[in-house]
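Notes follow once the structure below has been shown.
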Amino acid sequence: MKAAEVVMGTGARAAALAVKSARVDVVPGYPITPQTSIIEAVAAMVENGELHARFIPVEGEHSAMAAAVAASAAGARVFTATSANGLLYMHEVLHMASGGRLPVVMCNVNRGIFAPWTLWADHQDSMAQRDTGWIQYHCSSNQEVFNTILQAFRVAEQINIPVMVNFDGFAISHCLMPLTLPPQEDIDRFLPPHEPEWRLDPAHPSSFSNVTNAEEYAPFRQMLSDDIMAAIPLVKQAAQEYKDITGMWDGDTIDTYRLEDAEVVAFAVNSMAAELKLSIDILRQQGIKAGLLRPRLYLPFPAEDIINALPQNAQVMVLDRNYNFGHPGGILASELKSALFGRRNDITVKNRVMGIGGIDLPRRFMADEIRAMMDE
Amino acid sequence: MTTSIKQLPDIEQVLSGNGACGGCPATMALRIVGKALGPNAIMLLTPSCSVASMGMTPRLGYNWPCINICFATAGSSASGITHALEIMQEKGRLQGELPTVFTWVGDGGTYDIGFQALSAAAERNDNMIFFCYNNEAYSNTGVQRSGATPRGSYTTTTPSGKRQQKKNMALLMLEHNIPYVATATVAYPGDLYDKVAKAKSISGMKYIEILAPCYLGWQFDMPETVQMSRMAVRSGAWLLWEAENGKISFNKPSASIINGKKDAAPVDEYLMKQGRFNRLLKGPDAAQRIAEIQGDIDREIAFMRERAQITI
Ligand SMILES: Cc1ncc(C[n+]2csc(CCOP(=O)(O)OP(=O)(O)O)c2C)c(N)n1
Ligand code: SF4
Ligand SMILES: [Mg+2]
């Protein structure tokens with residue numbers, strides 16, 4: 001058996017290497033900071049023969065997603081990547097991907113959205129796509145980006161729902177970290193070739209996404225809603241089997257740290273959740289029984305796993321890197337409260353919005369914020 | 001020699017029983033296209049009359065795999081499919097002759113909302129036939145103006161007649177340096193058939209635009225679709241031409257108008273047969289309005305004549 005290889009790589013590099021390992025067929029791409037390095041790396045790999053695929057240099061993200069869904073409907077394994085306004089520009093076609101049940105996998109490198117312009121991370125872009133019917137992961141490290149893209153393809157192709165893999169611009173996309181690359185034969189075992197049940201095929205003339213009557217439309221939508229929820233066990237299974245094959249584990253629907261006996265629980269996603277582990281250590285040194293619950297899966301929202309994981313009477317400090325406009329605070333807090341309502345009346349939920357537009361979130365700052373929230 | 005209507009193959013890709021209006025020019029054109037393409041093809045449709053005509057799920061009046069796509073995306077969606085097919089063949093997952101990838105898109109989906117994606121697909125020279133059936137308005141949403149609506153035409157969003165000239169879309173596509181561009185219309189089915197057959201044999205981006213006189217939008221009597229198509233050509237309001245690798249040649253009968261062998265018929269008769277024009281040609285400014293429309297036509301004829309001389 002071949003051993004895993006360890007290389008140094010940015011989060012963007014990790015994504016491109018995962019695309020290569022997944023033996024993707026088609027990658028439409030359009031540049032936008034901070035995602036650009038992913039599609040640049042893919043374009044280079046296609047050109048130098050490292051990856052046997054087609055890179056389509058489209059003229060915008062609406063077209064990137066259109067080419068992606070169409071290539072997927074033709075039976076190809078498809079990847080693309082974007083950020084911020086690129087993701088917003090795709091919005092209409094994101095719905096076609098989910099409604100059309102096309103298992104596209106996309107990285108969204110999180111960045112705050114216009115106006116005014118910012119280049120740096122927050123989660124408004126992907127969370128604004130909450131209701132597009134995509135499965136959404138949030139990663140907290142370069143390695144997790146690599147691992148999650150492979151798991152995402154597996155889940156997407158099992159259930160025919162597109163998957164968005166989110167990770168923060170710069171903090172992850174542009175920072176070098178060691179990356180463990182499992183041998184290709186292990187990855188091939190984990191992620192078999194894409195064999196769609198259905199594809200556009202002249203041997204079987206049929207219409208796809210055509211006009212429907214309400215009697216047909218409504219069941220389609222119900223099915224999508226049900227199947228997104230049914231992705232939860234598949235996400236868990238993918239994480240477990242990935243671990244069995246590669247030995248690597250980032251959590252399944254959730255990831256926890258020092259949670260078992262915690263009285264104060266930090267609740268956050270993406271890169272800030274990695275830093276939060278260090279904040280938790282600081283709080284523990286200060287005598288506070290702190291822990292972390294990080295949803296790795298944002299959608300479907302892993303309500304049951306969160307309900308089961310939270311210790312009795314915990315105060316949950318939701319640190320949102322987004323706004324829930326029209327409501328006080330952030331989106332994660334709303335999601336969490338609605339999951340807990342009537343199920344865990346012992347839990348107190350507190351919420352702060354922070355890190356907007358890339359404001360740095362160092363461990364001490366977040367530890368101090370959590371302490372301050374305890375007194376609220 | 002142009003294929004005669006009697007020589008067209010029997011194969012029917014447009015099945016009997018669909019939702020189009022009687023005398024629908026788009027459906028008529030698609031029928032001829034089907035005879036040239038045969039069954040080994042994949043069809044992409046943007047929201048339009050042709051979607052409304054194809055039958056509601058799960059019924060289908062077109063004998064191809066048909067994918068409905070977002071309005072602005074015909075160019076990029078077709079690129080996605082064509083690249084997918086090619087790479088799957090390279091990787092050994094598809095055998096045999098690859099299907100022809102073709103779009104079936106109205107003028108709205110071509111001139112307006114779909115222009116960007118089409119232009120980019122052409123610039124990449126991706127392998128597809130992009131068909132625009134041009135009924136000179138957004139018919140499916142109840143006849144609003146498009147970039148293809150000619151000056152002087154009534155639509156629901158140009159109630160006193162469109163003030164601007166239409167674009168010359170086929171020429172814009174020619175200037176993308178793609179291997180094949182052609183115009184056609186339903187009154188000349190053999191010409192259309194030959195152009196589609198030629199496009200099918202060429203690799204890269206092919207653009208074929210078909211003038212589709214729509215009785216509903218143009219306001220003439222339903223059985224006169226073909227007659228209206230012929231009048232458009234005879235008046236020079238629609239020119240039949242094709243360009244292989246950038247070299248333009250005109251087809252009969254437009255060729256005679258271009259080379260001066262025959263004068264174009266005055267546009268009046270063509271206009272007066274259509275409610276979209278004639279309802280606005282009743283006032284004291286009628287002569288001036290007709291002169292403006294005639295002026296647009298004359299300018300296009302003169303311009304295309306000169307443009308065809310450029311062969312570098
Ligand atoms: C993004 C988007 N905007 C608007 C529409 C509404 N719409 C549906 S069909 C259509 C007009 C189509 O016009 P054209 O492409 O010329 O085809 P035709 O109906 O004339 O056959 C419009 C505006 C839509 N479906 N999608
Ligand atoms: S409105 Fe015109 S283009 Fe549309 S189906 Fe009827 S005849 Fe055809
Ligand atoms: Mg139209």
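Naming: A, B, ... by sequence-line order, numbering from 1 per chain.
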Test side-chain contact (heavy atoms from CB on, under 4.5 Å) on A:V27 and B:H83; report intermediate values, then the result. CA-CA 10 Å; A:V27 182; B:H83 281 288; over 6 Å; no
Step by step, would you call A:R199 with B:I42 a side-chain contact (heavy atoms from CB on, under 4.5 Å)? CA-CA 11 Å; A:R199 61 180 177 82; B:I42 294 174; over 6 Å; no
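The part of B:M88 that comes within reach of chain A is its side chain, from C-beta onward, which places non-hydrogen atoms under 4.5 angstrom from that chain. Looking at A:P193, there are no atoms closer than 4.5 Å to chain B (heavy atoms on both sides), in backbone or side chain. Heavy-atom distances place the side chain of A:E216, and not its backbone, under 4.5 Å from chain B. Residue B:A41 touches chain A through its backbone alone, counting heavy-atom pairs closer than 4.5 Å. For a residue to count as touching a neighbouring chain, one of its non-hydrogen atoms must lie under 4.5 Å from one of that chain's; by this rule A:V26 touches chain B with the side chain only. With a threshold of 4.5 angstrom between heavy atoms, B:L45 does not approach chain A through any atom at all. Residue A:D25 touches chain B through both its backbone and its side chain, counting heavy-atom pairs closer than 4.5 Å. Interface remark: B:E123 contributes no atoms to any contact with chain A (heavy atom separation under 4.5 Å). Proximity to chain A (any heavy atom under 4.5 Å) is shown, for B:I69, by both the backbone and the side chain. Looking at A:A64, there are no atoms closer than 4.5 Å to chain B (heavy atoms on both sides), in backbone or side chain.
For CZ of B:R93, the number of neighbouring non-hydrogen atoms (other residues, nucleotides, ligands) closer than 6.0 Å is greater than 12. Environment of CZ in A:F220: sparse, with no more than 12 heavy atoms of neighbouring residues, nucleotides or ligands closer than 6.0 Å. The 12-atom threshold is exceeded at CD of B:Q7, counting heavy atoms of other residues, nucleotides or ligands nearer than 6.0 Å.
For the atom pair A:D201 CG and B:L85 CG, the distance stands at 9.5 Å (nearest 0.5 Å). Here the CE-OG1 distance, from A:M65 to B:T73, works out to 12.0 Å after rounding to the nearest 0.5 Å. Summarising the geometry, atom CD belonging to A:E92 is positioned 3.5 Å from atom SG belonging to B:C70; distances are rounded to the nearest 0.5 Å.
Among the candidates A:A53, A:A70, A:A68, the residue making the largest number of heavy-atom pairs closer than 4.5 Å to chain B is A:A70. Comparing A:T212, A:N210, A:N213 by how many heavy-atom pairs each has under 4.5 Å with chain B, the most go to A:N210. When each of B:S79, B:G55, B:S77, B:A120 is checked for heavy-atom pairs under 4.5 Å with chain A, B:S77 comes out on top. If you tally non-hydrogen atom pairs under 4.5 Å between each of A:A73, A:S206, A:A203, A:G60 and chain B, the highest count goes to A:S206. The residue among A:P28, A:S72, A:P57 with the most heavy atom pairs within less than 4.5 Å of chain B is A:P57.
Taking all atoms of both residues into account, the shortest heavy-atom contact from A:S209 to B:N68 is O-CB, 3.2 Å. The minimum heavy-atom distance between A:R54 and B:I87, with the atom names listed, is CG-CB, 3.9 Å.
Contact check for B:P65 versus A:P202: side-chain heavy atoms found under the 4.5 Å cut-off. Residues A:V58 and B:R124 have side chains in contact (heavy-atom distance under 4.5 Å, counting atoms from C-beta outward). Two residues are said to be in side-chain contact when any heavy atoms from C-beta on lie closer than 4.5 Å; B:T57 and A:V211 fail this criterion.
At distances below 3.5 Å, not a single donor-acceptor pair connects side-chain atoms of A:S207 with backbone N or O atoms of B:C66. B:K91 contributes a side-chain N or O that, together with a main-chain N or O of A:H52, makes up a donor-acceptor pair within less than 3.5 Å.
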